[in-house]
Asks: 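Below is the structure I would like to discuss, written out as structure tokens.
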Amino acid sequence: EAQVTQNPRYLITVTGKKLTVTCSQNMNHEYMSWYRQDPGLGLRQIYYSMNVEVTDKGDVPEGYKVSRKEKRNFPLILESPSPNQTSLYFCASSSELGGGAHGYTFGSGTRLTVV
Amino acid sequence: QQPVQSPQAVILREGEDAVINCSSSKALYSVHWYRQKHGEAPIFLMILLKGGEQKGHDKISASFNEKKQQSSLYLTASQLSYSGTYFCGSHNTDKLIFGTGTRLQVFP
């Protein structure tokens, strides 16, 4: 089944403790992206990648890092999480930059709470 | 800048129609529409690539007015399963930027 897999689904952590949210897709998509979703603010892009070793900042990149060493994986790293990073996070992938005929495929989401 | 969607929320009875609008301050290369059920991932509905294009499947369709930098989503004879939050996504250059969202609730 074609899908984007995110782990974990839920995570509670303490301020300052480094964490990684994994994202993997099995569709051979070149384009991958991370979004955070907060009430009233919709989906805001954190980082995106157009191909292996090519990443760029989205609209809200502060406090986050990403890497794209393999085409299928695009982990999101929070080096020193803070409470304002408490949010619902989505990874998405697409065959084309603009989404193409099939749009973006989203993972199931990771609900992160930083205390 | 995020595209602005209107209305912010819609409440319908089954069988009623609704229109959701998406307006961008920047030129649009394409427009996406997604639906998200509470606590779930957004699901792709359709993409409109050209100005003047109209698309649809089942009883959900959309139009794209490139000149006005607007798109509209039309839900006809709504069903309970249509409930959720609808997002438009505007694509320009290398980003897909999502709109503010419209929450749709359909009651029996």
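Only this structure's heavy atoms are used, side chains among them; waters, hydrogens and symmetry mates stay out. In what follows, every chain begins at residue 1, and chains take the letters A, B, ... in the order their sequences are listed.
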Asks: Do the side chains of A:Leu112 and A:Val4 join up, straight or via other hydrophobic residues, at under 4.5 Å, putting them in one cluster?
Replies: no
Asks: Side chain, backbone, both or neither: which part of B:Gln5 has a heavy atom under 4.5 Å from chain A?
Replies: neither
Asks: Could you name the residues of residues 36-47 of chain B that have a heavy atom within less than 4.5 Å of a heavy atom in chain A?
Replies: B:Gln36, B:Gly39, B:Glu40, B:Ala41, B:Pro42, B:Phe44, B:Ile47
Asks: Tell me whether A:Phe90 shares a hydrophobic cluster with A:Ile46, the cluster being built from Ile, Leu, Val, Met, Phe, Trp, Tyr side chains joined at under 4.5 Å.
Replies: no
Asks: Heavy-atom distance under 4.5 Å between the side chains of A:Tyr31 and B:Leu96, does that happen here?
Replies: no
Asks: Please determine, among A:Gly103, A:Gly107, A:Gly42, A:Gly109, the option with the most heavy-atom pairs under 4.5 Å with chain B.
Replies: A:Gly103
Asks: OG1/B:Thr85 to CG/A:Leu43 distance, rounded to the nearest 0.5 angstrom?
Replies: 10.0 Å
Asks: Hey, what do you get for OH (A:Tyr104) to CZ (B:Phe98), rounding to the nearest 0.5 Å?
Replies: 7.0 Å
Asks: Report yes or no: do B:Tyr86 and B:Tyr74 belong to one cluster of Ile/Leu/Val/Met/Phe/Trp/Tyr joined by side chain heavy-atom distances under 4.5 Å?
Replies: no
Asks: Can you tell me which portion of A:Gln37 sits under 4.5 Å from chain B's heavy atoms? Options are side chain, backbone, both or neither.
Replies: side chain
Asks: Could you see if A:Val21 belongs to whatever hydrophobic cluster contains A:Tyr48? Use Ile, Leu, Val, Met, Phe, Trp, Tyr and a side-chain cutoff under 4.5 Å.
Replies: no
Asks: May I ask whether A:Tyr64 and A:Leu88 are part of the same hydrophobic cluster, defined by side-chain heavy atoms of I, L, V, M, F, W, Y residues being less than 4.5 angstrom apart, directly or through others?
Replies: no
Asks: Taking CD in B:Gln8 as the centre, count heavy atoms belonging to other residues, nucleotides or ligands within less than 6.0 Å. Is the count above 12?
Replies: no
Asks: A quick test of your reading: do over 12 heavy atoms of other residues, nucleotides or ligands sit less than 6.0 Å from CZ of A:Arg44?
Replies: yes
